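The next block holds one structure in the form of structure tokens; read it before the comments.
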Protein chains: 2
Amino acid sequence: MAEPLDPDMFAGCPPVAAPIRIGDKWTAKITRCLEAGPRRFTELQVPLLGITPKVLTESLRAMERDGLLTRTAYDEIPPRVEYELTDLGRSLLTPMNAGCEWSRRHLRDLLRARDAWHAAS
Amino acid sequence: MAEPLDPDMFAGCPPVAAPIRIGDKWTAKITRCLEAGPRRFTELQVPLLGITPKVLTESLRAMERDGLLTRTAYDEIPPRVEYELTDLGRSLLTPMNAGCEWSRRHLRDLLRARDAWHAAS
DNA sequence: CGGGATCCCCTTTGATACTG
DNA sequence: CAGTATCAAAGGGGATCCCG
């Protein structure tokens, strides 16, 4: 359905890059991962470097509860579960893109101000 | 310079309304409070219902450090300090407005999904 | 494979009291 | 007025181990 997720797709998005945050720590990244189509649990773990199963489960459950994505479990062996954005979840991409655009244009200024502050103190 | 801040200006913005968050818990609201011009410390405390001086100071210091606002202390008695948005701080209004627009259009759907979930469980 | 159960830590946030 | 100092609480996030 979709290309494999790039393990480094968030390389340019350190936590400092997120004065703008959507939902909890992982919501925005999960949304990005699902942008191109449904994904499996293990598939999501790859770009979300170091996320533990517990935390990923919690984030996915919260998003499911809020109607941002659907969870579909297939009764197979081995088990297979797919997560897919709903229209509501997809609507988050608009403010997310506004946030990313802000980072592209202004984050450098913010970091420069922060460095200057540390240098002065 | 500017009209007094409405103590209830954030009445329609419960925490649940913020799947989109800018900076720490108070950054976005402080930015809104400064939108119309410089404000004093005590002036800011009014709409930020219940914020303690400590937390307000911490938030303001962090924003100053990041170049989002300036702090000007006038050597008078009684003391007077004014906080004012920089251009960088003002640039946050764009993604903030995108987030507010999302809330206006979709928050109702999110809350409905959440309620349905609770009802089902 | 896709989790659940436990335990724990640390940061964020707040309450309270005091001060130049 | 505009903070600072200290303490306490809370919850988000993570480590580790286990399971159907």
Side-chain angles (χ1 to χ4, degrees), chain A residues 1 4-5 10 13-16 18-30 33-34 38-66 69-84 114 121, chain B residues 1 4-5 10 13-16 18-30 33-34 38-66 69-84 114 121:
Chain A
M1 166 121 230
L5 292 172
F10 297 121
C13 301
V16 69
I20 290 105
R21 206 171 130 167
I22 311 272
D24 71 8
K25 184 175 179 181
W26 302 100
T27 306
K29 289 183 178 179
I30 290 171
C33 289
L34 296 177
R39 300 285 180 179
R40 304 178 62 172
F41 190 89
T42 314
E43 215 174 347
L44 290 172
Q45 281 189 295
V46 177
L48 306 177
L49 303 173
I51 192 174
T52 62
K54 174 204 164 195
V55 174
L56 179 53
T57 299
E58 285 173 355
S59 296
L60 289 170
R61 289 284 191 278
M63 292 179 69
E64 187 189 4
R65 174 181 56 106
D66 286 350
L69 54 76
T70 58
R71 177 182 184 275
T72 310
Y74 297 91
D75 198 5
E76 306 171 353
I77 294 178
R80 181 165 61 98
V81 178
E82 285 193 338
Y83 295 91
E84 184 169 16
R114 190 177 293 184
S121 67
Chain B
M1 169 122 228
L5 292 172
F10 297 120
C13 300
V16 69
I20 291 105
R21 201 171 136 167
I22 312 269
D24 72 8
K25 185 175 181 183
W26 302 99
T27 306
K29 289 183 179 180
I30 290 172
C33 289
L34 297 177
R39 298 286 179 181
R40 303 178 63 171
F41 191 88
T42 313
E43 216 174 348
L44 290 172
Q45 281 189 296
V46 177
L48 305 177
L49 303 173
I51 192 173
T52 62
K54 176 201 161 196
V55 174
L56 180 53
T57 299
E58 284 172 356
S59 296
L60 289 170
R61 290 283 192 280
M63 292 179 69
E64 186 189 4
R65 172 182 58 103
D66 286 349
L69 54 77
T70 58
R71 177 182 183 275
T72 307
Y74 298 90
D75 198 4
E76 306 170 355
I77 293 177
R80 182 165 60 98
V81 177
E82 286 192 341
Y83 295 91
E84 183 169 18
R114 190 178 292 184
S121 65

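Keep in mind that what you see is a predicted model, and the values were worked out from it rather than measured. Naming: A, B, ... by sequence-line order, numbering from 1 per chain.
E82(B) approaches P38(B) most closely through the heavy-atom pair OE1-CB, 3.9 Å. Here the shortest heavy-atom pairing between F10(A) and C33(A) reads CE1-SG, 3.9 Å.
Residue Y83(A) is in sugar-phosphate contact alone, with no base atom involved, counting any heavy-atom pair closer than 4.0 Å across all strands shown. Residue R39(B) is out of contact with every strand shown, counting any heavy-atom pair closer than 4.0 Å.
Nucleotide dC1(C) holds its P atom 13 Å from the CZ atom of R80(A), rounded to whole Å. Atom CD in E76(A) sits roughly 13 Å away from atom P in dC1(C) (whole-Å rounding). Spacing between atom CZ of R21(B) and atom P of dG12(D) amounts to 11 Å, rounded to whole angstrom units. Protein atom CG of L49(B) is 15 Å distant from nucleotide atom C1' of dG14(C), rounded to whole Å. dG3(C) atom C1' lies 10 Å from atom CD of Q45(A), rounded to whole Å. Residue F41(A) contributes atom CZ, which lies 15 Å from atom C1' of dG20(D) at whole-angstrom precision. In this structure, CG of L56(A) is placed 13 Å from C1' of dG13(D), rounded to the nearest angstrom. Between the P atom of dG12(D) and the CG atom of L60(A) lies a distance of 16 Å, rounded to the nearest Å.
For the helix from dC1(C)-dG20(D) to dG20(C)-dC1(D), the axis fitted to the five pairs at one end and the axis fitted to the five pairs at the other end meet at an angle of 50° (nearest 10 degrees).
Comparing P78(B) and D24(A) by the nucleotide of DNA chain D that holds the closest heavy atom to each, the one mapping nearer the 5' end is P78(B).
Side-chain contact between M63(A) and T27(A) is present, with at least one heavy-atom pair separated by less than 4.5 Å.
When the side-chain hydrogen bond (donor to acceptor under 3.5 Å, both in side chains) test is applied to R71(A), the partners found at least two apart in sequence or on another chain are Y83(A). Remark: E64(A) engages no residue in a salt bridge (Lys or Arg N to Asp or Glu O under 4.0 Å) (not counting sequence neighbours).
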Listed pairs under 3.5 Å, donor-acceptor, residues 53-60 of chain B side chains, sequence neighbours left out:
residue : atom : partner : partner atom : Å
T57(B)  : OG1  : P53(B)  : O            : 2.8
S59(B)  : OG   : D24(B)  : OD2          : 3.0
S59(B)  : OG   : V55(B)  : O            : 3.2

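One finds the CD1 atom of I51(B) at 4.5 Å from the CH2 atom of W26(B) (value rounded to the nearest 0.5 Å). Expressed to the nearest 0.5 Å, how far CZ of R61(A) lies from CG of D66(A) amounts to 13.5 Å. Atom-to-atom distance recorded for R21(B):CZ and I22(A):CD1 is 12.0 Å, nearest 0.5 angstrom.
Distances shorter than 4.0 Å separate some side-chain N or O of R40(B) from OP1 or OP2 on dA2(D). For the OP1/OP2 pair of dT4(D) and a distance below 4.0 Å, the side-chain nitrogens and oxygens of R61(B) include at least one atom meeting the criterion. OP1 or OP2 of dA2(D) has at least one side-chain nitrogen or oxygen of T42(B) nearer than 4.0 Å.
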Protein N or O to nucleotides 14-17 of chain D N or O, pairs below 3.5 Å:
residue : atom : partner : partner atom : Å
dG14(D) : OP1  : K25(A)  : NZ           : 2.7
dG14(D) : OP2  : W26(A)  : NE1          : 3.1
dG14(D) : N7   : K54(A)  : NZ           : 3.0
dG14(D) : O6   : K54(A)  : NZ           : 2.0

Under 3.5 Å, which protein N or O atoms sit close to an N or O of nucleotides 18-20 of chain C? Give each pair with its distance.
none

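Evaluated for a side chain to side chain donor-acceptor pair (under 3.5 Å) with E43(B), the options Q45(B), R39(B), R40(B) yield exactly one hit, R39(B).
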